[in-house]
Amino acid sequence: MMRNLPALIIIFPLVSALLSVFLSKISLYLGRNLVITSIFISLALSIVQLREVIINGPISYKFGNYAVPYGIEFKIDTINAIMLVMICIIGLLTGLFSTNFEENSKDRIKIGGSHALIALLCVGMLGMTSTGDVFNLYVFLEVTSLSGYVLIALGGSKGVVSAFRYLLIGTVAATFYLLGVAMLYSVTGTLNMQDMHDILSSRANDDTMLIAMCMFIAAFGIKMALFPFHGWQPSAYTHAQTGARPLIAGVMGKIPAYAMFRYLYCVYGTEFKYFRYFLIVIGALSVMGMIYGSVRAMAQTDIRKMLAYSSVAQISYITLGFAIGTPIAIAGSFLHMFGHAFMKGGLFFASGSIRYKYGIVDMNDFGYIYKKMPLTSALLSISALSMIGIPPTVGFFSKWYLALGAAGEREYIYIAILVISSLLNAIYFFKMIEKIFMAKDRDLKPIGRDSVMELPWTMMIPIVISILMILGLGLFNVKIINILLMSLGGIGI
Amino acid sequence: MRKVLAIITLVIILLIPTFLFDGIMPSIGDPNSAPNTHVSDYYIENSVEMTNSPNMVTGILADFRGFDTMFETTVMFLAGLGAVLILSNRPNIKKRFIIPRNYIKQRPNIGAPRYKTINKDVMITLFEPLMMIYAAYVYFHGEISLGGGFQAGAVLGLAYIIDVMIVPGRRKKLFALDKGNALSIGGIGTFIYALTGILTMTGGGLCLEYDKLPFGLSHAESHSAGILMIELGVTICVMATIITILNAIMGRVRFDDDPIKRREDA
Amino acid sequence: MTSLETFLAAKGIYFLTFLLLFLGLYGMITCGNYMKKLICMNIMQVAVIFIFLCLAQKDGGTIPVLFSNLRNAEDYINPLPHALMLTAIVVSMGTTGVGLALLTRIKEKYGSIEEDEIIERENK
Amino acid sequence: MPSLFLEAVLLLILIGITLTIIFGKDLLTVTIVYCSFSFVTMFLYIVMGAPDVAFTEAVIGVVSTIYFIMTLKTIRRHTK
């Protein structure tokens, strides 16, 4: 059992997703409940695994017990162990949250199937995070993207068109990724990341590596919606299925960012000849993305679209940390990754709840919502404050570590951009807070569903846990940074 | 404007391969190039003994890199699930931009098909069993010669497609699967694959370590049994998925000889 | 080996394959019709498969199925890219299936699969 | 290795087919031409020494062509 932890974390949601449609035919909610239970089991297992990794060091799991470059290997260090926990938490919360959006539907395939998609999205992301094999990463990338396309397409007619555009551009990204793998394979002859790193550092082949890295940046840039490649993202996040939106917007963009980190630092390594130039390129893209995303977000009134554009800016903070390249900045960008998953997930939980209760998405109608839905507006304000970077929340600390790292490298322009971007964030998030607390009362009528509480309990749990995680990650930031630094030393930064 | 842009793109795209990708790949057919030496030699020399499968591609696909194949099968299931879910709801007829015309009144009655030189039913009844036998051959013979689970499943799916498409709705079907059932079967097929992984773990091994299958077999037998088990899962999943996607798309197509009732609910 | 063969092995085949890949990309960018975009997407994926299979070729090697009289590593071509590309083909087929399902929905809602018409109707 | 000539010729045919697809106006023609594309691809796989991949491509070519033609029944045939 303990030996097989890395495989079991993936296999539980996989099996539940596969059986979900079949079980829904037997009993209406059986498949759905099985999916939620299995993600919960995965969460428990991943916490156990995190403890194991912190105590005993990195785990290497070999499928089929074949020696390393010949079979597929999973490599778990503290960074991806924490990421697995994050994916499982958001996946579980999303699974609970999206149960509310299908009450009226009696279509068995739809109820079982949409939860199976959430589980498969989790499976794809869990696999992408933990794998140590470049081709295995491609297969998981495709699992993630396919379930993403379908979840976006389920959000209605506009969702279908944006899903189709995402499918086209996402497949181009996957093809570029495969092309990069082909180039690296042509100079190394292996597919294992660690083995590849050893061969690449002994056998310099700079031209091929240069072009392969361009391919990887384009591929992962498209998948995570980095600035010039972000075209598909705003409409896709806006029109995705309401129940699954926290998972799509909160986590789906961050896993390719982690994969890019693996390629930059684990496969290529700092001794690569053109390494500095790549950092400069990524830094420039991040800076442009931060300004562009914030400026575009200011112009929106639809809360979903505003949050989508703000994601373009926020993903750039993460890549900015990679571009600075010191351990403390990278740890800061990982902290921002975890924090932003809960902030953006929380904002989408809150906006989804408001839509569930009153059927509105325009911020101009949010007047007096704090009296009608106190907990939801608490989540909205706390996440907004965290996005801006007000001290007790996690947003402040991640930006603080990023700025510390930039100061250590004497990259003062990055600090200036961080401050400017935070101010722009403040402009549009204070606009939202103002609409919640000060706008005129619109006399909103709840649509249809009466309940004693503010919301059904399956929606309250995600909201409460998001608030707790945003504050908790902020309060215990030193601990998390220390855990992250443990592994960063092992990678050799 | 658009044409000029298109031509500029074409020129750039023709220039990229000439300059950017010039001389970065190893020469084709060089036995000493990196991809042909490092891992490849190990597979060629050892895979037949280690996996008991004379076809090295199947050995690698199903044994060394079996975990990849598990998720390849999952992708197939996911594609079927996605097609069914996307096509499970229709846009509201009033919100469509172009409301489909009802062709019933305009269409003249074609009557029975005029070409009667070949009796298609006989041809179909002749072809389908042959295809299915061939699929079974491909499945069981996959480790020894070409083929494997995927191809067998696709051939089975093609037999179904021929059965459905040539004479729709006129003859009793070979086996009828609606899209919900086909989807469930696809899920179960992939589950068989995952179950193999779980069985090896309960036998005390790592995931997909066929030596530890709890059947009490020798090394060679257990590898063959493991490969056959996962190929069975792949076969079922691929067959069911091909049928699922076909059914999902076909549910929206209006054929010339459809009964009238089905057109009006469209 | 003639000079043409040397040229083909070193550059020619790769050049043609990359040309195919970028022609597919060109089609995806310029075609206004979504169905043609989907087909060009398939062409791109096929081109990448060619590149992998080019890497697998070996002079004097035969297909990677065991023959009893051949035992050495240089007698067989590299089987690993073949296994990888089987996976890639299946994945591309899955993507095509989902894409076609999306296309059917788009046609039902917007009555067209031309990009400019859809953009025009989307903003109505 | 004489097979390189064959590969080059087949690749040239594929490029021609691709140009036909990009500049074609009738979607049914495009689909049928795409079917021939996957047929030529299958030959190319065999020449490259990958019969397993060729077998898969042969089957997939048929299945995806059928899907394309089925979808085409719901879609207007001529492009702009």
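Chain identifiers are assigned alphabetically (A, B, ...) following the order of the sequence lines, protein sequences preceding nucleic acid strands; residue numbering begins at 1 within each chain. What's counted below: heavy atoms across the whole structure, side chains too, no hydrogens, waters or symmetry copies. What you see is a predicted model; the values in this text were computed from it and never measured.
Pairing each heavy atom of D:Tyr67 with each of B:Ile242, the nearest pair is OH-O, 2.8 Å. Across all non-hydrogen atoms, the minimal contact from B:Gln151 to D:Asp52 is NE2-O, 3.5 Å.
For chain D, the nearby part of B:Leu158 is the side chain; its heavy atoms alone come within less than 4.5 Å. For chain D, the nearby part of B:Ile249 is the side chain; its heavy atoms alone come within less than 4.5 Å.
The line from CD1 of D:Ile66 to CD1 of B:Ile245 is 12.5 Å long, rounded to the nearest 0.5 Å. The distance from atom CD1 of D:Ile60 to atom CZ of B:Phe150, rounded to the nearest 0.5 Å, is 3.5 Å.
With chain D as partner, the option from B:Leu146, B:Val155, B:Leu61 having the largest number of non-hydrogen pairs under 4.5 angstrom is B:Leu146.
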